[in-house]
Amino acid sequence: EKREQIRLSLDTFDKKVAIRRYPAKLAEIERTFTVLRAALQSYGHAEGMLAAGKLEKLTCREIEAVVAAWWERRSQHRQPPLSAYDDPTELLASLDHEAAAVSSSDLLADPIGSATDQLLVEVGHRAERRKLGRGQTQVRFPVVDRATEQYTYLRQLVRRALEQELALAR
């Protein structure tokens, strides 16, 4: 979460007490920021940039590494439970439906965009809930500029990975 400023109460209305408490509260804030900065620096470059919501700062190689790690975590999706299907034709029909969805250019049902967004949230990219009227969604969406070359490249890699998963499942 990015903040421009921070406000903490000194828990008093008395000006003299507030002046006395101010240095201790300031030191507490500085310690907190020092800990947060150290945690951010302990990440690798890619993880730190993603946590800060800066996908555009990643190199192609770093994006490829993020997708490779995601590919490994998705290994169970490449092994469909055959016992769940009474008839192999039902499994093939399901795979054909998924393949059609992946190759579709329908903007309303965008499985590639959804998978790309899910990947970004899973790897710790800065994300927010969307507002719906007075409420908010439970799902978190990455705060990302989808017009950048890095997002386009990430999306291409996700598309290739999903197409490969479908090919392997067949």
Side-chain angles (χ1 to χ4, degrees), residues 1-7 29 32-81 84 90-170:
E1 179 180 343
K2 182 177 178 180
R3 292 188 183 177
E4 297 284 323
Q5 53 183 273
I6 186 169
R7 283 191 222 176
I29 292 169
T32 301
F33 276 115
T34 300
V35 168
L36 291 172
R37 284 185 195 107
L40 193 56
Q41 288 177 350
S42 71
Y43 287 160
H45 179 261
E47 292 87 357
M49 289 297 106
L50 288 170
K54 296 181 180 181
L55 176 65
E56 65 277 2
K57 301 279 186 182
L58 297 184
T59 65
C60 288
R61 184 163 288 194
E62 289 169 328
I63 292 171
E64 290 165 2
V66 167
V67 173
W70 172 75
W71 171 263
E72 289 303 316
R73 287 192 308 274
R74 287 183 54 88
S75 64
Q76 73 272 11
H77 295 287
R78 293 188 290 278
Q79 300 165 358
E90 187 179 332
L91 172 62
L92 290 174
S94 171
L95 291 172
D96 288 338
H97 176 73
E98 288 181 27
V102 167
S103 62
S104 171
S105 60
D106 183 6
L107 294 177
L108 295 176
D110 181 15
I112 305 301
S114 297
T116 303
D117 287 351
Q118 182 181 2
L119 178 155
L120 287 170
V121 172
E122 286 175 7
V123 298
H125 192 282
R126 191 165 72 88
E128 296 176 347
R129 299 187 195 304
R130 291 198 177 145
K131 294 189 188 294
L132 287 175
R134 292 183 172 173
Q136 287 186 351
T137 62
Q138 291 298 314
V139 177
R140 295 169 41 103
F141 295 91
V143 179
V144 64
D145 182 359
R146 288 170 173 76
T148 63
E149 290 178 25
Q150 287 81 357
Y151 184 82
T152 302
Y153 185 58
L154 175 64
R155 192 178 157 90
Q156 289 171 353
L157 292 176
V158 168
R159 173 185 286 278
R160 280 194 268 173
L162 292 176
E163 288 170 348
Q164 185 67 32
E165 280 184 356
L166 286 169
L168 289 171
R170 286 179 179 221

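Below, all heavy atoms of this structure are taken into account, side chains as well, without hydrogens, waters or symmetry copies.
- By the 4.0 Å N-to-carboxylate-O rule, Lys54 lies too far from Asp145 to be salt-bridged with it.
- Taking the side chain as every heavy atom from C-beta outward, Ile63 and Gln150 approach each other to under 4.5 Å.
- Nearest heavy-atom pair, Arg140 versus Val121, reported as atom, atom and distance to 0.1 Å: O-CG2, 3.5 Å.
- Annotation for Ile112 and Val158: closest pair O-CG1, 4.1 Å, computed over non-hydrogen atoms.
- Taking each heavy atom of Ala161 and Trp70 in turn, the nearest pair found is CB-CZ3, 3.6 Å.
- In this structure, the side chains of Phe141 and Glu128 stay at 4.5 Å or more apart for every pair of heavy atoms.
- The shortest distance between side-chain heavy atoms of Val123 and Glu47 does not fall below 4.5 Å.
- Ala115 and Leu162 make their closest contact through CB-CD1, 3.8 Å (heavy atoms, listed as atom of the first residue, atom of the second, distance).
- Contact check for Leu120 versus Leu154: side-chain heavy atoms found under the 4.5 Å cut-off.
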### Query
Could you go step by step and tell me if Glu56 and Tyr151 meet the side-chain hydrogen bond (donor to acceptor under 3.5 Å, both in side chains) rule?
CA-CA 7 Å; Glu56 65 277 2; Tyr151 184 82; over 6 Å; no
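- Side chain of Glu62 to backbone of Thr59: a donor-acceptor contact under 3.5 angstrom is found.
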### Message
Apply side-chain contact (heavy atoms from CB on, under 4.5 Å) to residues Leu55 and His125 and explain how you reach the verdict.
### Response
CA-CA 8 Å; Leu55 176 65; His125 192 282; 4.0 Å; yes
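- Summarising the geometry, atom OG1 belonging to Thr116 is positioned 10.5 Å from atom CD belonging to Gln156; distances are rounded to the nearest 0.5 Å.
- Closest heavy-atom contact between Leu58 and Ala46: CD2-CA, 3.5 Å.
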